[in-house]
Amino acid sequence: MTTLLRRAVLLLYPRAFRRRHGAEVLEAMEEQAADPAYAGARGRLRYWRDILDDAVRAAWRLRTSRDGSTASLPARAANIHPFPTSPAGLELLMNDLRHAVRALVRRPGFTAAAVLILGIGIGGTSLIAGLVDGLVLRPFHYPDPDRLVTIGVTFPKMNADESFIEVLSPPEYLDISQAKSLEHVLAFDLGNRNLSGGDLPERVFTALVFGDPFQTIRMRPVLGRGFTREELSPGGGRVAIISYRLWQSRFGGDPGIVGRAIRINGIPTDVVGVMPPGLLLIGTDLWLPLTRDPRDWPREGRHFNVLARLADGASREQANAELAAIADRIAADYAARYPEYAGWRLSAVPWAEALTRPLRPAAALLALAVAFVLLIVCANVASLQIARLLGRRRELSIRVALGAGRLRLARELLIENLVLGLAGGAFGIAVAWAGLRVAVTYLPERVRMLDPDVGFDTNVLLMALAVSVAAAMLVGLIPALVAPRLGSSDALKAGTHHVSPASGAASLRQALVGLEVALALVLLVGAGLMARTMWQLAKIDPGVDTSHVLTMRLTLPREKYEGAAITAFFDRVLERLESSPGIAGAATASQYAPNVFFGTPVVVDSTGEGSSMPTSYVTVATPNLFRVLGIPIVKGRALTPADRQGTEPVAVVNESFARRFYGGLDAIGRRVGLPSGEGRTRWLQVVGVAADTRGRGMAEAPAPELYVPMDQDAGAWNQLFLLVRVEGAPHAYIPTVRRIVSELDPDQPVYAITTLEEAFSASVVQQQASAILLWAFAAIAVLLAGVGVYTVSAYVVGQRRQEIGIQMALGARDGDVVRLVLRQLAWILIAGMAVGLLGGLALGRVARGILVRTPPDDPLTIGAVTLLLAAIALAAGYLPARRATRIDPVAALRTE
Amino acid sequence: MNPSAQRNPSLIHLHILLVLAEGDRHGYGIKQEVERRTDGEVRLGPGTLYEAIQRLENAGWIEEARPPRGLDGRPRRHYRLTKQGWSVLEGEVARLRDLLNRAMALPRLRKAASA
């Protein structure tokens with residue numbers, strides 16, 4: 001690829017120069033790439049900027065001053081220009097520029113249309129590129145982001161795919177730290193802490209860390225320092241690092257914050273450092289050191305994330321090889337006690353990539369789609385240009401006859417298009433700039449929480465400029481190639497209307513329209529697949545009644561609430577809520593659809609799953625959860641208030657659980673084992689089967705889930721959700737809930753307030769965004785292709801005016817005339833659609849990751865959009881053909 | 001022939017001639033040497049470098065030299081100063097020395113040069 005690019009750059013130079021020095025220049029480009037100044041991703045960008053800058057300047061000088069070629073050495077031997085640009089060259093350029101601007105201003109309609117279309121194409125491309133760049137390719141500011149890796153884990157025994165967030169335990173972190181190819185290995189757990197003192201208690205998203213994060217992410221604190229070894233070892237002091245955002249918002253950017261004590265979960269804690277701007281670890285605002293020895297944590301307590309830097313000189317392959325060996329060693333040592341270790345895998349993946357992996361399918365799809373839009377735009381403007389040239393044939397011929405060089409004509413056109421492209425680019429940049437500001441506000445909360453670096457920055461600007469120039473070249477090259485031939489002298493000999501009807505230019509233009517039709521079909525297939533996906537999503541039953549439910553989260557500090565006190569607190573909150581007017585019911589749960597994430601291996605007394613370990617989501621809840629969310633019980637009973645501490649431990653399973661682990665057998669009365677630390681198992685009796693819910697969001701099929709009564713698991717969870725079913729608009733009840741909580745504990749914050757409906761629509765935001773954008777892209781594409789077909793049809797009618805006139809004089813009917821015109825269009829449409837179908841199938845494969853219940857080659861969708869496009873294209877072709885029937889045969893023949 | 005141009009090679013050309021005056025070199029070697037001498041102040045991208053070489057060749061001031069023997073790696077095109085190149089360089093140096101002498105006659109500029 002790189003070599004290809006370099007060769008393309010070489011094409012800028014005059015041929016003679018290329019012959020003599022091409023190989024050397026290529027070599028020099030290669031050698032320059034090895035310069036350490038160009039290391040890293042940004043370095044590569046700089047490299048290409050420098051190379052291009054150098055090549056454009058040198059090639060310009062060579063081409064514009066007369067001694068650039070080696071053609072006749074002796075005659076030009078010493079004609080060396082001391083200055084980089086010869087005055088003659090510059091003057092020529094200014095002339096051309098003036099000429100181009102004049103030509104464009106003379107045709108304001110054409111110019112406005114071209115600038116508008118180009119602007120939409122360039123703006124759309126830059127917008128998507130900016131989003132993809134900011135969200136997926138380099139979302140964070142870490143230095144050397146490619147070498148900051150996280151450790152992913154795969155447990156084939158538990159059917160668990162590679163995952164990165166909260167997947168490792170502290171003892172496993174110690175094992176991983178032994179890898180020599182990794183340095184500054186860091187483990188952190190995500191949690192919430194309450195920050196009190198000041199006006200309002202606030203819950204703060206917190207990372208609890210083993211190790212000094214600043215060394216790993218390789219950034220300096222804005223104020224203060226990182227954690228010291230003492231602070232990180234057992235018995236270390238109570239210290240904290242806060243985010244830049246928290247420093248600004250909560251402490252007003254107080255420069256004396258370091259050394260001050262703040263109250264975290266009610267306990268005074270010294271601030272030792274302030275992080276740089278940006279939320280550097282998954283949106284956390286507070287970093288606290290973990291001082292308990294990692295060895296003392298349970299091996300199966302996998303709720304940590306591991307980050308590390310690749311050691312100097314170590315490659316990711318080396319790190320992965322070492323991790324594989326470590327995984328094998330752990331499996332050999334511990335698989336007897338922890339069967340999930342059998343066959344498990346560890347992998348080092350760049351942190352940004354791991355975090356943004358779920359966004360990649362949509363990103364790839366949209367990037368591809370917008371590139372197609374840009375191509376259509378270019379084809380459209382190019383074909384407009386050709387149409388213009390066809391109209392200017394006589395003028396061109398005259399100029400050629402008067403001695404204007406054909407090369408000069410071509411250069412003029414190229415420059416004219418460059419001006420056009422840059423004007424379109426300027427408009428497009430405005431579109432992208434405005435679009436990005438709007439788009440950022442529509443980012444889903446889950447993504448915005450990561451605080452990615454999305455916005456209109458120099459990179460996007462450079463990208464937009466590059467796209468404009470590329471588009472202008474693409475648009476300009478084609479007419480420039482055609483123009484000299486158009487200027488051939490036979491155009492002069494004949495009457496205006498009589499020059500050879502299908503010259504190269506006309507058929508080139510038809511090919512361009514064919515290309516537009518093809519690309520429009522590709523985009524229509526994408527739009528159709530997304531439409532079907534949205535339709536399928538709308539049909540899916542979420543399994544819960546999403547309307548009128550308000551949800552929020554509470555984290556009770558362990559320092560204040562222990563064991564049964566947690567249950568008691570929530571019981572009181574629920575009691576007061578349920579007696580408030582307008583509230584139909586309230587429940588507490590550790591998680592709820594569509595955000596069910598906590599799962600664990602379970603032991604079932606009859607497993608249909610062979611040797612693999614059954615796993616299930618486990619939700620701790622109060623009995624009225626089923627009533628509040630509207631989850632039907634299909635068999636047995638729901639949980640009841642009678643299921644408390646001291647009575648027989650029970651559980652309700654969902655249908656997927658019953659089906660997967662009990663097959664056709666009755667689930668009621670069976671026993672399920674949950675791990676309860678130190679390898680012990682807690683046994684529960686299944687008393688009911690609940691209907692499935694879309695626990696992982698609408699786009700994912702239901703998975704086994706187990707509901708456990710909160711009273712029988714008292715104190716295990718201090719971070720719980722309140723779910724409140726209300727009458728009317730859920731948001732109206734936020735003050736009520738806040739008041740009730742603060743009456744019970746004024747220091748207790750309530751956060752993550754949302755409605756169940758919002759939570760569900762957030763779970764399909766990728767599909768939604770892709771659908772809307774693809775529909776818009778397809779609409780633009782179809783419109784442009786329609787215009788293309790229309791103009792070609794009109795051209796055909798104009799060309800065959802006399803023939804049509806004769807045929808009509810001979811008695812041809814309207815239908816015959818229309819057929820005559822459409823027949824000539826038919827091959828363009830058929831060829832375009834055939835290519836478009838192939839492209840559509842390819843696009844479907846790219847889209848596969850976000851399609852729901854829709855095969856990527858869904859024949860129904862593809863058939864429907866093909867017919868739709870055919871109908872639109874035929875209609876666009878029909879209009880001029882229809883007008884042809886109104887040609888007056890006498891008038892048409894008179895022009896002869 | 002354009003005598004005025006011949007007496008006025010550009011700065012880049014002058015640097016290249018100067019490097020070649022000390023011995024034959026291949027293109028990339030010239031670039032590295034020029035950049036090293038000027039502490040990177042004069043940067044020679046691939047295009048600029050060979051454009052200059054081409055012009056100097058066209059002017060007849062440098063020519064292709066036989067690559068030194070016994071060199072490992074690929075054979076590379078080397079360049080050397082021609083007789084004409086030498087005389088241009090000598091002329092240019094003399095011209096610059098004149099310029100410098102004249103500048104040194106002014107006390108203020110003398111201070112700047114010695115600082």
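In the text below, chain A, chain B and the rest are named by the order of the sequence lines, each starting its count at 1. These figures come from a predicted structure and were not determined experimentally.
- Proximity to chain A (any heavy atom under 4.5 Å) is restricted, for B/Glu64, to the side chain, taken from C-beta onward.
- Atom CZ of A/Arg46 is surrounded by more than 12 heavy atoms from other residues, nucleotides or ligands within 6.0 Å.
- Closest non-hydrogen pair, B/Thr48 versus A/Ala58, comes out as N-CB, 3.7 Å.
- Within 6.0 Å of CZ in A/Arg7 there are 12 or fewer heavy atoms belonging to other residues, nucleotides or ligands.
- Heavy atoms of A/Leu26 lying under 4.5 Å from chain B are absent altogether.
- Here A/Phe17 contributes atom CZ and B/Arg55 contributes atom CZ; the two are 9.5 Å apart, rounded to the nearest 0.5 Å.
- The residue among A/Glu24, A/His21, A/Gln32 with the most heavy atom pairs within less than 4.5 Å of chain B is A/Glu24.
- Between A/Tyr13 and B/Gly47, the closest heavy-atom pair is OH-CA, 2.9 Å.
- Heavy-atom minimum distance, A/Asp54 versus B/Pro46: OD2-N, 3.1 Å.
- Between atom CG of residue A/Asp35 and atom CD of residue B/Gln32 there is a gap of 9.5 Å, rounded to the nearest 0.5 Å.
- Taking 4.0 Å as the cut-off between side-chain N and carboxylate O, A/Arg20 and B/Glu57 count as a salt-bridged pair.
- Proximity to chain A (any heavy atom under 4.5 Å) is restricted, for B/Tyr28, to the side chain, taken from C-beta onward.
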